[in-house]
Asker: 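Take a look at this one; I'll ask things after.
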Amino acid sequence: MNRIMVLITLSDNGIETIKSNPELPKKEMEFVNQWKQENILDNFFISVTKKEAVLIFQNIDESKTKELIETLPYFPFMAKINYHNLNKQF
């Protein structure tokens with residue numbers, strides 16, 4: 001089963017903006033929860049520092065994954081985004 005892993009690192013300035021606006025995390029989680037309900041988000045991890053995140057998508061291709069990431073409220077605050085196509089073994 002193919003998966004797309006997205007590794008995201010937020011900018012330092014972005015972290016400060018997010019922390020100062022409590023509505024941003026709520027809006028971000030609305031997207032994450034919607035994708036989970038739609039069965040396109042398989043896993044979601046946030047680092048202890050909350051500066052990095054790992055999202056693992058399923059049932060969509062890389063171009064659609066990129067489109068979805070660009071709709072996130074945190075997108076303007078992302079310093080680095082890496083996409084990895086994976087083949088789940090078990």
Asker: So, do Asn2 and Asn85 sit near enough that their side-chain heavy atoms are less than 4.5 Å apart?
Answerer: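 They are not in side-chain contact.
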Asker: Under 4.5 Å between any side-chain heavy atoms of Ile8 and Ile69, yes or no?
Answerer: yes
Asker: To the nearest 0.5 Å, what is the distance between NZ (Lys80) and OG1 (Thr9)?
Answerer: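 Rounded to the nearest 0.5 Å, the NZ-OG1 separation comes to 6.0 Å.
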Asker: Looking at OG1 of Thr49 and CD1 of Ile15, how far apart are the two atoms once the value is rounded to the nearest 0.5 Å?
Answerer: 6.5 Å
Asker: Between Glu23 and Lys26, does any NZ, NE, NH1 or NH2 come within less than 4.0 Å of an OD or OE carboxylate oxygen?
Answerer: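 So Lys26 pairs with Glu23 through a salt bridge.
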Asker: Return yes if a side-chain donor-acceptor contact under 3.5 Å exists between Gln34 and Glu38, otherwise no.
Answerer: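 Yes, because at least one side-chain N or O of Gln34 sits under 3.5 Å from a partner of the opposite role on Glu38.
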Asker: Measure the spacing between CD of Glu62 and NE2 of His84 and express it to the nearest 0.5 Å.
Answerer: 9.5 Å
Asker: Are any non-hydrogen side-chain atoms of Ile4 and Ile56 less than 4.5 angstrom apart?
Answerer: no
Asker: Hey, is the main chain of Thr17 close enough, under 3.5 Å, to the side chain of Asn21 for a donor-acceptor pair?
Answerer: no
Asker: So which atom in Thr71 and which in Glu67 form the shortest heavy-atom distance, rounded to 0.1 Å?
Answerer: CG2-O, 3.2 Å
Asker: If we ignore hydrogens and angles and just use 3.5 Å, is the side chain of Gln89 paired with the main-chain N or O of Asn87 as donor and acceptor?
Answerer: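 Checking the backbone N and O of Asn87 against the side chain of Gln89, a donor-acceptor pair under 3.5 Å is found.
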Asker: Is there a side-chain contact between Leu24 and Tyr74 (heavy atoms, below 4.5 Å)?
Answerer: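 Yes - at least one pair of side-chain heavy atoms lies under 4.5 Å apart.
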Asker: Out of curiosity, Ile46 CD1 to Lys51 NZ, how far, rounded to the nearest 0.5 Å?
Answerer: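 Rounded to the nearest 0.5 Å, the CD1-NZ separation comes to 15.0 Å.
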Asker: Tell me, do Leu10 and Ile18 make a side-chain contact under 4.5 Å, heavy atoms counted?
Answerer: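 Yes. Closest side-chain heavy atoms under 4.5 Å.
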Asker: In sequence, state the C-alpha distance, the side-chain angles, and the governing distance for Trp35 and Phe44, and then conclude on ring pair (Phe, Tyr, Trp, His ring centres under 6.0 Å).
Answerer: CA-CA 10 Å; Trp35 297 341; Phe44 178 58; 9.0 Å; no
Asker: Would Thr65 and Leu55 count as a side-chain contact (heavy atoms from CB on, under 4.5 Å) if you check the C-alpha gap in whole Å, the side-chain angles of each, and the deciding distance to 0.1 Å?
Answerer: CA-CA 10 Å; Thr65 301; Leu55 294 86; over 6 Å; no
Asker: Are Leu72 and Glu28 side-chain neighbours, meaning at least one heavy-atom pair lies under 4.5 Å?
Answerer: yes
Asker: Do Leu41 and Ile81 share a hydrophobic cluster (ILVMFWY, side-chain heavy atoms under 4.5 Å, transitive)?
Answerer: yes
Asker: Taking C-beta and beyond as the side chain, do Asn43 and Val54 meet within less than 4.5 Å on heavy atoms?
Answerer: no
Asker: When clusters are formed by joining ILVMFWY residues with side-chain heavy atoms under 4.5 Å apart, either directly or through shared neighbours, do Phe31 and Phe75 land in the same one?
Answerer: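 Looking at the clustering, Phe75 is in the same group as Phe31.
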Asker: Heavy atoms, side chains only, cut-off 4.5 Å: are Met5 and Asn82 in contact?
Answerer: no
Asker: Hey, what do you get for NZ (Lys64) to CZ (Phe57), rounding to the nearest 0.5 Å?
Answerer: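 One gets 10.5 Å once the value is rounded to the nearest 0.5 Å.
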Asker: Answer with yes or no whether the hydrophobic clustering places Ile40 together with Leu86; edges join I, L, V, M, F, W, Y residues whose side-chain heavy atoms lie under 4.5 Å apart.
Answerer: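 No.
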Asker: Rounded to the nearest 0.5 Å, what separation is found between the CG atom of Asn39 and the CG atom of Asp42?
Answerer: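 One finds 8.0 Å between CG of Asn39 and CG of Asp42.
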Asker: Counting only N and O atoms by type, is there a donor-acceptor contact under 3.5 Å from the side chain of Lys88 to the main-chain atoms of Arg3?
Answerer: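 Here the side-chain-to-backbone pair does not exist.
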Asker: Please check if any side-chain donor atom of Ser11 sits under 3.5 Å from a side-chain acceptor atom of Asn13, or the reverse.
Answerer: no
